[in-house]
Amino acid sequence: MASLLDSYEQQYSNVTAEITNKIAKIVKLSGGEKRHMVTNVEKQMEEAKELLEQMDLEVRDIPSKERQKYATRLKSYKTELGKLEKDFKAKLHGGAGSREELLGPDDPSHSEDQRTRLLDNTERLERSGRKLEAGYRMAVETEQVGADILENLHQDREKIQRSRDRLRETDSDLGKSSRILSAMMRRIIQNRIVLFVVIAVIILVIALTIYFSTRS
């Protein structure tokens with residue numbers, strides 16, 4: 001985004017530099033050369049305005065942290081272009097009457113220049129329309145991609161939630177198994193104790209029997 005803005009700024013600087021140079025030359029020209037120079041300057045004025053419009057659109061999409069810097073620069077460019085327009089009009093009317101008087105009466109070449117300007121302006125409008133349409137399509141595609149990402153995140157969240165539920169169930173099952181094993185171990189120990197007691201009683205009975213048998 002910033003690289004595109006830099007490109008627009010470079011183009012704007014080149015155009016305004018040419019405008020400034022041509023405005024300074026207008027007062028030194030006359031006749032057809034002056035008409036051609038005035039028409040050329042007017043075309044470049046329109047081109048500079050179009051570049052400012054494009055920069056304005058790009059600045060709106062810049063993150064808020066950097067937007068103020070570019071907005072300030074854009075404002076200075078607009079002020080600069082306004083001063084150039086005033087200077088241009090002053091040169092047209094300065095000591096030479098109206099624009100028509102400066103350019104001379106209408107002639108076929110002047111009409112042709114006007115038609116050329118109209119065609120150029122139409123082409124610029126069409127280019128701007130195509131750029132806006134492309135920007136709209138990009139915004140729609142970006143919105144769709146964002147919606148897909150949100151949907152995927154929602155699905156991942158559901159999977160994680162299900163995995164947590166399974167872990168809880170597994171933990172519960174492990175707790176039950178542990179309690180069962182503990183109960184089994186207690187029963188085994190109890191059975192062994194009982195067995196040892198029975199064996200001891202049997203051994204004692206046998207020993208007493210042998211003892212009394214021997215005495216008799």
Q. At their closest point, which heavy atom of Val15 faces which heavy atom of Glu47, and how far apart are they?
A. CG2-OE2, 3.7 Å
Q: State which residues pass side-chain contact (heavy atoms from CB on, under 4.5 Å) with Leu208; sequence neighbours excluded, sorted by chain then number.
A: Leu204, Phe212
Q. With sequence neighbours excluded, what pairs up with Arg73 under the side chain to side chain donor-acceptor pair (under 3.5 Å) test?
A. Glu9
**Q.** Transitive ILVMFWY cluster of Ile160, excluding itself - 4.5 Å side-chain cut-off
**A.** none
Q: First locate atom CD of Glu53, then atom CE of Met55, and finally report the distance between them rounded to the nearest 0.5 Å.
A: 10.5 Å
Q | Leu174: partners by side-chain contact (heavy atoms from CB on, under 4.5 Å), with sequence neighbours left out | A | Thr170
Q: Evaluate the salt bridge (Lys or Arg N to Asp or Glu O under 4.0 Å) criterion for residues Asp171 and Arg168: first the C-alpha distance (whole Å), next the side-chain angles of each, then the deciding distance (0.1 Å), finally the verdict.
A: CA-CA 5 Å; Asp171 186 64; Arg168 292 192 187 99; over 6 Å; no
Q | side chain to side chain donor-acceptor pair (under 3.5 Å) against Gln161, all qualifying residues, sequence neighbours excluded | A | none
Q: Give the cluster check for Leu195 versus Ile203: same hydrophobic cluster or not, with ILVMFWY residues linked at side-chain heavy-atom distances below 4.5 Å.
A: yes
Q. For Arg60, which residues count as a salt bridge (Lys or Arg N to Asp or Glu O under 4.0 Å) partner, sequence neighbours excluded?
A. Asp56
Q) Minimum heavy-atom separation for Tyr12 to Tyr77, with atom names? A) OH-O, 2.7 Å
Q: Enumerate the residue pairs fulfilling side chain to side chain donor-acceptor pair (under 3.5 Å) with a member in residues 16-27, sequence neighbours excluded, ordered by first and then second residue.
A: Glu18-Gln44, Lys22-Asn40, Lys22-Gln44
Q.
List the residues meeting ring pair (Phe, Tyr, Trp, His ring centres under 6.0 Å) with Tyr8, not counting sequence neighbours, and say none if there are none.
A. none
Q) Are Glu85 and Lys49 side-chain neighbours, meaning at least one heavy-atom pair lies under 4.5 Å? A) yes
Q.
Please give the remaining members of the hydrophobic cluster of Val198, linking ILVMFWY side chains under 4.5 Å, ordered by chain and number.
A. Val194, Ile202, Ile206, Ile210
Q: Output the distance between atom CG (Leu74) and atom OG1 (Thr79), rounded to the nearest 0.5 Å.
A: 9.5 Å
Q) Is there side-chain contact between Phe88 and Glu42, with heavy atoms separated by less than 4.5 Å? A) yes
Q: Check the side chains of Ser76 and Glu80 for a donor-acceptor pair under 3.5 angstrom, ignoring hydrogens and angles.
A: no
**Q.** Pairs satisfying salt bridge (Lys or Arg N to Asp or Glu O under 4.0 Å), at least one member in residues 185-210, at least two apart
**A.** none
Q.
If I compare all heavy atoms of Ile23 with all of Leu84, which pair ends up nearest, and what's the gap?
A. CD1-O, 3.7 Å
Q | Minimum heavy-atom distance Ile26-Lys34, with the two atoms named | A | O-CE, 3.0 Å
Q.
Within this structure, what is the CD1-CG distance for the pair Ile19 and Asp87, rounded to the nearest 0.5 Å?
A. 11.0 Å
Q | Residues that Glu151 engages under side chain to side chain donor-acceptor pair (under 3.5 Å), provided they are two or more places apart | A | Gln155
**Q.** Set of residues satisfying side chain to side chain donor-acceptor pair (under 3.5 Å) with respect to Asp148, sequence neighbours excluded
**A.** Gln144
Q) Between Leu81 and Ala48, what is the shortest heavy-atom contact and its length? A) CD1-CB, 3.9 Å
Q.
Rounded to the nearest 0.5 Å, what separates atom CD1 in Ile189 from atom CE in Met185?
A. 5.0 Å
**Q.** Distance in Å, Arg162 CZ paired with Asp165 CG, rounded so as to fall on 0.5 Å steps
**A.** 9.5 Å
